[in-house]
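Working notes, beginning with the structure itself.
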Amino acid sequence: MGHRFVENLPDLIQPEEYQDHPDGRLVRLRIRVTDEGVEVLGDAMRPEVIERVLRSLGQDPIDQMLCG
Amino acid sequence: MRWTPAILHSPAGERVRCDLCPHRCALAPGQVGACKVRRGAAGGMETATFATSVAHTDAVERKPFFHYRPGALALTLAAPGCSFRCDYCVNHPLSQYGREEGPAWEAAPVDVPEVVAAAAARGACVALSYSEPSLAVELTLALAEHGRAAGVEVVWKSNGFLTPEAIDVVTPALAAVNIDLKGLDEARHRRLTGAAAAPVLAAIRAFHQAGVWVEVSTPLVPGVSSSPEDLSAIAAAIADVDRDIPWHLLRFTPAYRMREENPTSPAELAAAVAIGRAAGLRHVYVERALGEEGRNTRCHGCGDTVVERGIWSLGANHLAAGDCPVCGTSIAGRW
(Lines give C-alpha, C1' and ligand atoms only; values in the text may rest on other atoms or scores of the structure.)
Protein backbone atom coordinates (compact mmCIF):
# COMPACT_ATOMS: atom_id res chain seq x y z
CA MET A 1 0.00 0.00 0.00
CA GLY A 2 2.29 2.78 -1.19
CA HIS A 3 2.49 6.05 -3.03
CA ARG A 4 4.19 6.97 -6.26
CA PHE A 5 5.10 10.64 -6.24
CA VAL A 6 4.44 12.25 -9.61
CA GLU A 7 5.23 15.67 -11.09
CA ASN A 8 1.74 16.57 -12.06
CA LEU A 9 -1.89 15.46 -11.98
CA PRO A 10 -4.84 17.31 -13.49
CA ASP A 11 -7.02 19.33 -11.10
CA LEU A 12 -10.63 18.20 -10.94
CA ILE A 13 -11.55 20.85 -8.35
CA GLN A 14 -11.10 24.51 -9.22
CA PRO A 15 -10.41 27.39 -6.80
CA GLU A 16 -13.75 28.97 -7.71
CA GLU A 17 -15.45 26.03 -5.97
CA TYR A 18 -13.77 26.56 -2.60
CA GLN A 19 -16.35 28.96 -1.21
CA ASP A 20 -19.24 26.62 -2.08
CA HIS A 21 -17.74 23.85 0.07
CA PRO A 22 -16.61 25.45 3.33
CA ASP A 23 -16.56 22.09 5.12
CA GLY A 24 -14.24 20.61 2.49
CA ARG A 25 -16.41 17.60 1.66
CA LEU A 26 -16.17 17.88 -2.13
CA VAL A 27 -14.79 14.78 -3.88
CA ARG A 28 -14.57 14.38 -7.62
CA LEU A 29 -13.65 11.33 -9.67
CA ARG A 30 -12.90 10.83 -13.35
CA ILE A 31 -12.96 7.27 -14.64
CA ARG A 32 -11.97 6.50 -18.21
CA VAL A 33 -10.77 3.64 -20.32
CA THR A 34 -7.27 4.04 -21.74
CA ASP A 35 -5.00 1.78 -23.80
CA GLU A 36 -3.50 0.55 -20.52
CA GLY A 37 -6.78 -0.20 -18.80
CA VAL A 38 -9.11 1.80 -16.57
CA GLU A 39 -7.73 5.07 -15.23
CA VAL A 40 -9.25 6.51 -12.06
CA LEU A 41 -8.33 10.12 -11.30
CA GLY A 42 -9.49 11.64 -8.04
CA ASP A 43 -9.43 15.02 -6.38
CA ALA A 44 -10.69 15.99 -2.94
CA MET A 45 -10.39 18.80 -0.44
CA ARG A 46 -9.38 16.18 2.13
CA PRO A 47 -6.57 14.00 0.72
CA GLU A 48 -7.30 11.01 2.97
CA VAL A 49 -10.84 10.82 1.60
CA ILE A 50 -9.76 10.35 -1.98
CA GLU A 51 -7.03 7.96 -0.85
CA ARG A 52 -9.64 5.77 0.88
CA VAL A 53 -11.78 5.80 -2.26
CA LEU A 54 -8.86 4.83 -4.50
CA ARG A 55 -7.69 2.09 -2.10
CA SER A 56 -11.20 0.64 -2.08
CA LEU A 57 -10.99 0.45 -5.87
CA GLY A 58 -7.75 -1.53 -5.59
CA GLN A 59 -5.32 1.22 -6.60
CA ASP A 60 -1.80 0.38 -5.41
CA PRO A 61 0.38 2.30 -5.54
CA ILE A 62 -1.50 5.59 -5.64
CA ASP A 63 0.00 8.41 -7.68
CA GLN A 64 0.25 11.53 -5.53
CA MET A 65 1.40 15.09 -6.12
CA LEU A 66 3.44 16.67 -3.36
CA CYS A 67 3.23 20.09 -1.76
CA GLY A 68 6.13 22.48 -2.43
CA MET B 1 19.38 3.27 2.95
CA ARG B 2 22.95 4.29 2.19
CA TRP B 3 24.87 6.20 4.87
CA THR B 4 27.58 8.67 3.89
CA PRO B 5 29.85 11.01 5.93
CA ALA B 6 28.13 14.04 7.44
CA ILE B 7 29.39 17.51 8.39
CA LEU B 8 28.33 19.84 11.20
CA HIS B 9 29.05 17.96 14.39
CA SER B 10 31.20 18.38 17.50
CA PRO B 11 32.45 16.17 20.35
CA ALA B 12 30.10 15.68 23.32
CA GLY B 13 31.92 13.42 25.76
CA GLU B 14 31.67 9.89 24.47
CA ARG B 15 28.99 10.99 22.02
CA VAL B 16 28.90 13.32 19.05
CA ARG B 17 26.65 16.35 18.97
CA CYS B 18 24.83 17.10 15.74
CA ASP B 19 25.11 20.84 15.00
CA LEU B 20 22.82 20.93 11.99
CA CYS B 21 19.49 21.74 13.61
CA PRO B 22 18.59 23.28 16.99
CA HIS B 23 17.59 19.87 18.39
CA ARG B 24 21.36 19.35 18.75
CA CYS B 25 21.04 15.61 19.38
CA ALA B 26 23.94 13.99 21.27
CA LEU B 27 24.39 10.62 19.62
CA ALA B 28 26.26 7.45 20.45
CA PRO B 29 27.79 5.54 17.53
CA GLY B 30 24.93 4.06 15.51
CA GLN B 31 22.27 6.09 17.30
CA VAL B 32 19.89 7.95 15.00
CA GLY B 33 18.88 11.54 15.77
CA ALA B 34 15.41 13.06 16.07
CA CYS B 35 15.38 13.60 12.30
CA LYS B 36 15.89 9.82 11.71
CA VAL B 37 18.38 10.50 8.90
CA ARG B 38 21.58 11.48 10.73
CA ARG B 39 23.41 9.15 13.08
CA GLY B 40 26.48 8.96 15.20
CA ALA B 41 29.47 7.11 13.81
CA ALA B 42 32.96 6.34 15.05
CA GLY B 43 34.70 9.69 15.11
CA GLY B 44 31.90 11.62 13.48
CA MET B 45 28.47 11.41 11.93
CA GLU B 46 26.72 9.91 8.92
CA THR B 47 23.73 10.97 6.89
CA ALA B 48 21.16 9.13 4.80
CA THR B 49 20.29 12.22 2.81
CA PHE B 50 22.64 11.97 -0.17
CA ALA B 51 19.70 10.43 -1.98
CA THR B 52 16.40 11.39 -3.55
CA SER B 53 13.03 9.77 -4.04
CA VAL B 54 12.03 12.04 -6.93
CA ALA B 55 13.51 14.03 -9.81
CA HIS B 56 10.63 16.28 -10.84
CA THR B 57 10.85 19.21 -13.22
CA ASP B 58 8.26 21.90 -12.72
CA ALA B 59 7.90 25.67 -12.51
CA VAL B 60 9.77 27.50 -9.79
CA GLU B 61 6.42 29.14 -8.94
CA ARG B 62 5.31 25.81 -7.44
CA LYS B 63 7.87 25.91 -4.61
CA PRO B 64 6.59 28.75 -4.36
CA PHE B 65 9.03 31.41 -5.55
CA PHE B 66 7.43 34.48 -7.11
CA HIS B 67 10.38 36.90 -7.09
CA TYR B 68 13.12 34.46 -8.08
CA ARG B 69 13.57 33.90 -11.83
CA PRO B 70 9.85 33.94 -12.75
CA GLY B 71 8.93 31.23 -15.23
CA ALA B 72 12.17 29.29 -14.72
CA LEU B 73 12.13 25.53 -14.28
CA ALA B 74 13.21 23.79 -11.10
CA LEU B 75 14.55 20.25 -11.05
CA THR B 76 13.28 19.13 -7.66
CA LEU B 77 14.95 16.51 -5.48
CA ALA B 78 13.69 15.23 -2.12
CA ALA B 79 16.05 13.57 0.33
CA PRO B 80 14.54 11.60 3.22
CA GLY B 81 13.55 13.13 6.52
CA CYS B 82 12.26 16.19 8.30
CA SER B 83 13.26 17.89 11.55
CA PHE B 84 9.57 18.73 12.12
CA ARG B 85 6.61 16.37 12.51
CA CYS B 86 3.81 18.75 11.58
CA ASP B 87 0.32 17.44 12.30
CA TYR B 88 -1.09 18.68 8.98
CA CYS B 89 1.70 17.56 6.63
CA VAL B 90 0.30 16.65 3.21
CA ASN B 91 3.69 15.18 2.28
CA HIS B 92 3.88 12.91 5.34
CA PRO B 93 4.33 9.63 3.40
CA LEU B 94 7.57 11.15 2.13
CA SER B 95 8.66 13.65 4.78
CA GLN B 96 8.09 11.56 7.88
CA TYR B 97 10.63 8.92 6.96
CA GLY B 98 11.61 6.84 9.95
CA ARG B 99 8.63 7.89 12.10
CA GLU B 100 5.82 5.98 10.43
CA GLU B 101 5.02 2.37 9.78
CA GLY B 102 4.42 1.84 6.11
CA PRO B 103 5.94 0.83 2.82
CA ALA B 104 9.69 1.03 2.46
CA TRP B 105 10.88 4.53 1.62
CA GLU B 106 12.47 4.32 -1.79
CA ALA B 107 15.35 6.57 -2.79
CA ALA B 108 18.30 6.46 -5.11
CA PRO B 109 21.76 7.94 -4.48
CA VAL B 110 22.15 11.29 -6.22
CA ASP B 111 24.61 11.49 -9.10
CA VAL B 112 25.48 15.17 -8.67
CA PRO B 113 27.14 15.81 -12.07
CA GLU B 114 24.22 14.08 -13.78
CA VAL B 115 21.62 16.18 -11.93
CA VAL B 116 23.49 19.41 -12.66
CA ALA B 117 23.83 18.51 -16.33
CA ALA B 118 20.12 17.72 -16.57
CA ALA B 119 19.25 21.04 -14.96
CA ALA B 120 21.69 22.98 -17.14
CA ALA B 121 20.25 21.45 -20.30
CA ARG B 122 16.84 22.94 -19.44
CA GLY B 123 18.06 26.19 -17.93
CA ALA B 124 16.69 25.03 -14.59
CA CYS B 125 17.80 25.52 -11.03
CA VAL B 126 17.95 22.56 -8.64
CA ALA B 127 15.39 22.70 -5.85
CA LEU B 128 15.37 20.62 -2.70
CA SER B 129 11.79 20.42 -1.51
CA TYR B 130 8.88 18.17 -0.38
CA SER B 131 10.87 16.94 2.67
CA GLU B 132 13.31 19.07 4.70
CA PRO B 133 16.28 20.14 2.55
CA SER B 134 18.44 21.41 5.40
CA LEU B 135 18.92 17.79 6.47
CA ALA B 136 20.59 17.33 3.09
CA VAL B 137 23.20 20.01 3.62
CA GLU B 138 26.01 17.83 2.27
CA LEU B 139 24.05 17.19 -0.93
CA THR B 140 23.26 20.89 -1.21
CA LEU B 141 26.93 21.84 -0.99
CA ALA B 142 27.88 19.26 -3.62
CA LEU B 143 25.15 20.42 -5.99
CA ALA B 144 26.20 24.05 -5.57
CA GLU B 145 29.87 23.28 -6.13
CA HIS B 146 29.16 21.42 -9.36
CA GLY B 147 26.42 23.83 -10.38
CA ARG B 148 28.54 26.96 -10.14
CA ALA B 149 30.52 26.23 -13.31
CA ALA B 150 27.37 25.25 -15.18
CA GLY B 151 25.34 28.27 -14.07
CA VAL B 152 22.94 26.06 -12.13
CA GLU B 153 21.73 27.54 -8.85
CA VAL B 154 20.37 25.66 -5.83
CA VAL B 155 17.23 26.69 -3.95
CA TRP B 156 15.39 25.33 -0.90
CA LYS B 157 11.83 25.08 0.34
CA SER B 158 12.66 24.74 4.02
CA ASN B 159 11.26 24.83 7.53
CA GLY B 160 14.17 27.11 8.45
CA PHE B 161 15.08 25.03 11.51
CA LEU B 162 18.86 25.36 11.38
CA THR B 163 21.60 26.30 13.80
CA PRO B 164 23.53 29.53 13.14
CA GLU B 165 26.62 27.53 12.19
CA ALA B 166 24.63 25.48 9.67
CA ILE B 167 23.29 28.68 8.13
CA ASP B 168 26.84 30.02 7.84
CA VAL B 169 27.94 26.84 6.06
CA VAL B 170 25.10 26.67 3.58
CA THR B 171 24.41 30.31 2.63
CA PRO B 172 27.18 30.45 -0.02
CA ALA B 173 25.54 27.46 -1.70
CA LEU B 174 22.00 28.84 -1.91
CA ALA B 175 20.52 31.32 -4.36
CA ALA B 176 17.08 31.42 -2.75
CA VAL B 177 15.12 29.89 0.07
CA ASN B 178 11.42 29.83 0.83
CA ILE B 179 10.94 29.31 4.55
CA ASP B 180 7.72 28.18 6.18
CA LEU B 181 6.88 30.36 9.17
CA LYS B 182 4.04 28.43 10.79
CA GLY B 183 3.57 30.58 13.87
CA LEU B 184 5.36 32.53 16.57
CA ASP B 185 3.70 31.29 19.76
CA GLU B 186 6.30 28.85 21.09
CA ALA B 187 3.93 26.45 22.86
CA ARG B 188 1.53 26.11 19.94
CA HIS B 189 4.37 25.93 17.39
CA ARG B 190 6.00 23.15 19.38
CA ARG B 191 2.72 21.22 19.65
CA LEU B 192 2.23 21.46 15.89
CA THR B 193 5.79 20.76 14.73
CA GLY B 194 7.68 19.27 17.67
CA ALA B 195 10.16 22.14 17.50
CA ALA B 196 10.73 25.74 18.57
CA ALA B 197 9.66 28.74 16.48
CA ALA B 198 12.38 31.24 17.36
CA PRO B 199 15.13 29.56 15.30
CA VAL B 200 12.90 29.76 12.23
CA LEU B 201 12.53 33.53 12.47
CA ALA B 202 16.25 33.81 13.20
CA ALA B 203 16.98 31.81 10.05
CA ILE B 204 14.81 34.11 7.94
CA ARG B 205 16.79 37.06 9.21
CA ALA B 206 20.17 35.34 8.82
CA PHE B 207 19.57 34.13 5.25
CA HIS B 208 18.29 37.59 4.30
CA GLN B 209 21.29 39.33 5.84
CA ALA B 210 23.63 36.91 4.04
CA GLY B 211 22.17 37.92 0.68
CA VAL B 212 20.19 34.77 -0.07
CA TRP B 213 16.88 35.64 -1.72
CA VAL B 214 14.19 34.89 0.87
CA GLU B 215 10.45 34.33 0.52
CA VAL B 216 8.23 33.21 3.40
CA SER B 217 5.21 30.91 3.39
CA THR B 218 2.60 30.68 6.12
CA PRO B 219 -0.05 27.97 6.10
CA LEU B 220 -3.19 29.15 7.88
CA VAL B 221 -3.23 26.31 10.39
CA PRO B 222 -6.26 26.43 12.71
CA GLY B 223 -5.25 27.21 16.27
CA VAL B 224 -1.69 28.09 15.33
CA SER B 225 -1.52 30.67 12.58
CA SER B 226 -5.02 31.35 11.24
CA SER B 227 -6.35 33.96 13.67
CA PRO B 228 -6.02 37.66 12.78
CA GLU B 229 -3.87 38.17 15.86
CA ASP B 230 -1.46 35.39 14.93
CA LEU B 231 -1.28 36.52 11.31
CA SER B 232 -0.63 40.12 12.38
CA ALA B 233 2.23 39.00 14.58
CA ILE B 234 3.76 36.88 11.81
CA ALA B 235 3.39 39.65 9.22
CA ALA B 236 4.95 42.19 11.57
CA ALA B 237 7.89 39.87 12.24
CA ILE B 238 8.55 39.44 8.51
CA ALA B 239 8.19 43.17 7.87
CA ASP B 240 10.68 43.81 10.64
CA VAL B 241 13.23 41.83 8.66
CA ASP B 242 12.32 43.46 5.33
CA ARG B 243 8.95 44.57 3.96
CA ASP B 244 10.10 43.48 0.48
CA ILE B 245 10.09 39.81 1.49
CA PRO B 246 7.24 38.13 -0.42
CA TRP B 247 4.73 36.45 1.90
CA HIS B 248 2.81 33.45 0.58
CA LEU B 249 -0.41 32.58 2.39
CA LEU B 250 -1.22 28.90 2.03
CA ARG B 251 -4.68 27.39 2.31
CA PHE B 252 -4.89 24.83 5.10
CA THR B 253 -5.75 21.34 3.85
CA PRO B 254 -7.18 18.89 6.40
CA ALA B 255 -4.71 16.00 6.34
CA TYR B 256 -2.63 13.55 8.36
CA ARG B 257 -3.38 14.14 12.09
CA MET B 258 -5.54 17.23 11.49
CA ARG B 259 -8.47 15.80 9.55
CA GLU B 260 -11.37 17.25 11.50
CA GLU B 261 -10.72 20.92 10.75
CA ASN B 262 -12.12 22.68 7.70
CA PRO B 263 -9.99 24.04 4.86
CA THR B 264 -9.26 27.76 4.85
CA SER B 265 -11.99 29.79 3.15
CA PRO B 266 -11.24 32.34 0.41
CA ALA B 267 -12.62 35.05 2.73
CA GLU B 268 -10.10 34.13 5.43
CA LEU B 269 -7.29 34.27 2.88
CA ALA B 270 -8.45 37.66 1.62
CA ALA B 271 -8.50 38.94 5.20
CA ALA B 272 -5.00 37.58 5.74
CA VAL B 273 -3.76 39.44 2.65
CA ALA B 274 -5.15 42.65 4.12
CA ILE B 275 -3.38 41.93 7.40
CA GLY B 276 -0.09 41.44 5.60
CA ARG B 277 -0.44 44.69 3.71
CA ALA B 278 -1.46 46.54 6.87
CA ALA B 279 1.76 45.30 8.46
CA GLY B 280 3.69 46.96 5.65
CA LEU B 281 4.51 43.94 3.51
CA ARG B 282 4.66 44.96 -0.14
CA HIS B 283 4.08 41.58 -1.73
CA VAL B 284 1.48 39.21 -0.27
CA TYR B 285 0.34 36.26 -2.35
CA VAL B 286 -2.35 33.59 -2.44
CA GLU B 287 -1.63 31.10 -5.18
CA ARG B 288 -5.05 29.77 -6.09
CA ALA B 289 -8.06 30.78 -4.03
CA LEU B 290 -8.19 34.49 -4.91
CA GLY B 291 -7.62 34.17 -8.65
CA GLU B 292 -5.13 36.22 -10.67
CA GLU B 293 -5.27 39.16 -8.27
CA GLY B 294 -3.90 36.91 -5.55
CA ARG B 295 -0.93 35.90 -7.68
CA ASN B 296 0.05 39.00 -9.61
CA THR B 297 2.81 41.36 -8.54
CA ARG B 298 1.88 45.03 -8.33
CA CYS B 299 4.35 47.87 -8.24
CA HIS B 300 4.33 49.44 -4.79
CA GLY B 301 5.12 52.76 -6.39
CA CYS B 302 2.27 53.20 -8.87
CA GLY B 303 0.11 50.09 -8.48
CA ASP B 304 0.67 48.85 -12.02
CA THR B 305 0.66 45.06 -12.53
CA VAL B 306 4.28 44.17 -13.26
CA VAL B 307 4.22 40.35 -13.17
CA GLU B 308 1.18 38.28 -14.18
CA ARG B 309 0.90 34.65 -13.13
CA GLY B 310 -1.26 31.65 -13.79
CA ILE B 311 -1.61 28.82 -11.29
CA TRP B 312 1.99 27.73 -10.72
CA SER B 313 3.13 29.48 -13.88
CA LEU B 314 4.32 32.78 -15.29
CA GLY B 315 1.87 34.72 -17.44
CA ALA B 316 3.91 37.79 -18.34
CA ASN B 317 6.84 39.60 -16.78
CA HIS B 318 6.63 43.32 -17.59
CA LEU B 319 9.58 44.35 -15.45
CA ALA B 320 12.47 46.13 -17.13
CA ALA B 321 15.63 44.88 -15.44
CA GLY B 322 13.67 44.59 -12.20
CA ASP B 323 12.06 48.02 -12.47
CA CYS B 324 8.42 48.95 -13.00
CA PRO B 325 8.02 49.90 -16.69
CA VAL B 326 5.57 52.69 -15.79
CA CYS B 327 7.19 54.56 -12.89
CA GLY B 328 10.66 53.01 -12.64
CA THR B 329 10.29 51.79 -9.05
CA SER B 330 12.66 48.91 -8.32
CA ILE B 331 10.88 45.69 -7.33
CA ALA B 332 12.93 43.48 -5.05
CA GLY B 333 13.80 40.07 -6.42
CA ARG B 334 16.18 38.03 -8.53
CA TRP B 335 14.70 38.75 -11.91
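Not measured: the values here are computed from a predicted model.
- The contact between B:H92 and chain A is made entirely by side chain atoms (from C-beta outward), counting heavy-atom distances below 4.5 Å.
- Contacts of B:S95 with chain A are absent, with no heavy-atom separation under 4.5 Å from either backbone or side chain.
- Side-chain rings of B:F84 and B:H189 approach one another, their centers coming within less than 6.0 Å.
- Of the atoms belonging to B:P64, not a single heavy atom falls under 4.5 Å from chain A.
- Salt bridge status for A:E48 with A:R52: absent, with no side-chain N to carboxylate O gap under 4.0 Å.
- Contact annotation for B:A74: neither backbone nor side-chain heavy atoms come within less than 4.5 Å of a heavy atom of chain A.
- In this structure, chain B has heavy atoms under 4.5 Å from both the backbone and the side chain of A:P47.
- For chain B, the option among A:E51, A:R46, A:M65 with the highest count of heavy-atom pairs below 4.5 Å is A:R46.
- A salt bridge between A:E17 and A:R28 is present, with a side-chain N of the basic residue lying under 4.0 Å from a carboxylate O of the acidic one.
- The greatest number of non-hydrogen atom pairs below 4.5 Å with chain A, out of B:L290, B:L94, B:T253, B:T76, is found for B:L94.
- Within 6.0 Å of the CD atom in A:E39, the count of heavy atoms belonging to other residues, nucleotides or ligands exceeds 12.
- At a 4.5 Å heavy-atom cutoff, the contact between A:V6 and chain B is made by backbone atoms alone.
- B:R122 CZ: 12 or fewer foreign heavy atoms inside a 6.0 Å radius.
- For A:D11 and B:R288, the salt-bridge test passes: some basic side-chain N is under 4.0 Å from an acidic carboxylate O.
- Of the atoms belonging to B:E61, not a single heavy atom falls under 4.5 Å from chain A.
- To the nearest 0.5 angstrom, B:L250 atom CG is 4.5 Å from B:S217 atom OG.
- Between A:R30 and A:D43, no side-chain nitrogen of the basic residue sits less than 4.0 Å from a carboxylate oxygen of the acidic one, so the salt-bridge criterion is not met.
- When A:E7, A:E16, A:Q19 are compared by the number of non-hydrogen pairs under 4.5 Å with chain B, A:E7 comes out ahead.
- If you measure heavy-atom distances from B:S129 to chain A, the contacts under 4.5 Å come from the side chain alone.
- Contacts between B:E261 and chain A at a heavy-atom distance below 4.5 Å involve the backbone alone (N, CA, C, O).
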